[in-house]
Number of protein chains: 2
Amino acid sequence: MDVQLKRGLLDVCVLAAIQHEDSYGYKIIKDMKPYILLSESTLYTILKRLEGAKMLTVRTAEHDGRLRKYYRITDAGRKRIRDFKEEWAEMTKIYCFVTEEDKK
Amino acid sequence: MDVQLKRGLLDVCVLAAIQHEDSYGYKIIKDMKPYILLSESTLYTILKRLEGAKMLTVRTAEHDGRLRKYYRITDAGRKRIRDFKEEWAEMTKIYCFVTEEDKK
DNA sequence: ATGGAATACATCATATCACGAGGTATATAT
DNA sequence: ATATATACCTCGTGATATGATGTATTCCAT
């Protein structure tokens, strides 16, 4: 997918990946794989940004003797997803505009 | 609409605005207005970029004693629109992923 | 006739952001 | 032993939307 198109989708996708249950970096990438690919460097940049925007919170927990950082979505994060749904309607209009055939 | 989301749509929208007939800066902005807003500085940046990518060609013509730059879509430009249609299918999948309700 | 809006083009500086390259460390399978 | 998977992180770079700003002409209302 075009890099510029991804830009608008990645943040929301990451939020979507943790909306049903807390998750951690490596798992988020795997869960998103069928829909959109992203590298670790990209993901951690996004997680930091979403944390700064208070759309998720972080907690560190031990798992099999190794530390993991678990991310949990906040109300602001859920609002971002709702806003995206509204933006989708606008995008659908744009799609129609772009694919409009010649009206002879 | 979210700035990042616009990024991926603007180029294709500008191409869509000239796909049926040649157009010029001011008119492109007006035609796109119902679907997506963009400033003149943004538009001219995009037109330059699309010209560099050979997705459109430019010609200068006089209109009412004033010079206008008319933009015409190329085959590469039409291909970009076709590619977008394919990307739309991916985006629809992503939309489903994001809006997926809890599966109890 | 004068002033302001609309038309029409353009440049520059800034802030945001995806991503490759690189780094650290442990667990598990071959 | 060694390779692969898991798990985290930082930095530099290139791409790009946008506001601010500038130039110039035409049209319309007062």
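The figures that follow rest on heavy atoms only: side chains count, while hydrogens, waters and symmetry mates do not. Proteins get letters first, then strands, A, B, ... in listed order; numbering begins at 1 in each.
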_Below 4.0 Å: OP1/OP2 of C:dA10 and any side-chain N or O of B:Lys48_ = no
*Tell me whether the OP1 or OP2 atom of C:dC19 has a side-chain N or O from A:Thr42 closer than 4.0 Å.*
yes
*With a 4.0 Å cut-off, would you call A:Lys6 and A:Asp2 a salt bridge?*
no
_Check this for me, if you would: do A:Asp11 and A:Arg80 make a salt bridge, where the nitrogen-to-carboxylate-oxygen distance has to be below 4.0 angstrom?_
no
Set out, line by line, the N/O atom pairs under 3.5 Å between protein and nucleotides 12-16 of chain D.
residue	atom	partner	partner atom	Å
D:dT16	O4'	B:Arg7	NH2	2.8
D:dT16	O2	B:Arg7	NH2	3.3

Expressed in angstrom and rounded to an integer, what is the separation of [X] atom [atom1] from [N] atom [atom2]?
X       : N      : atom1 : atom2 : value
B:Glu62 : D:dT25 : CD    : P     : 13 Å
A:Leu47 : D:dC9  : CG    : C1'   : 12 Å
B:Met1  : D:dA17 : CE    : C1'   : 14 Å
A:Ile46 : D:dC8  : CD1   : P     : 15 Å
A:Leu9  : C:dT16 : CG    : C1'   : 16 Å
A:Arg59 : D:dA7  : CZ    : P     : 14 Å
A:Leu50 : C:dC17 : CG    : C1'   : 12 Å
B:Leu43 : D:dG19 : CG    : C1'   : 15 Å

_5' priority, DNA chain C, between A:Gly8 and B:Tyr70 [closest heavy atom]_ = B:Tyr70
Going by the rule salt bridge (Lys or Arg N to Asp or Glu O under 4.0 Å), which residues pair with [X] if we only count those two or more places apart in sequence or in a different chain?
X       : answer
B:Arg68 : none
A:Arg78 : none
B:Arg59 : B:Asp22
A:Lys54 : none

For nucleotides 5-8 of chain C, give me every protein contact, N/O to N/O, under 3.5 Å, one pair per line with atom names.
residue	atom	partner	partner atom	Å
C:dT7	O2	B:Arg66	NH1	2.8
C:dA8	OP1	B:Arg68	NE	2.8
C:dA8	OP1	B:Arg68	NH2	2.4
C:dA8	OP2	B:Tyr24	OH	3.2

Compile the donor-acceptor pairs under 3.5 Å between side chains in residues 36-44 of chain B and protein atoms, sequence neighbours left out, one pair per line.
residue	atom	partner	partner atom	Å
B:Ser39	OG	B:Ser41	OG	3.2
B:Ser39	OG	B:Thr42	N	3.4
B:Ser39	OG	B:Thr42	OG1	3.0

*Hey, could you give me each pair passing ring pair (Phe, Tyr, Trp, His ring centres under 6.0 Å) that has a residue in residues 56-90 of chain A? Not counting sequence neighbours.*
A:Tyr24-A:Tyr70, A:Trp88-B:Trp88, A:Trp88-B:Tyr95
*Where the side chain of A:Leu38 is concerned, which of C:dC19, D:dT18, C:dA18 is the nearest nucleotide?*
C:dC19
*State whether the distance check finds a donor on one side and an acceptor on the other, under 3.5 Å, for side chain B:Ser39 versus base D:dG19.*
no
*Tell me, please, which residues at least two apart from B:Glu21 pass side-chain contact (heavy atoms from CB on, under 4.5 Å).*
B:Lys27
*asked:* Using a heavy-atom cut-off of 4.0 Å across all strands, would you classify B:Tyr71 as base, sugar-phosphate, or nothing?
replied: sugar-phosphate
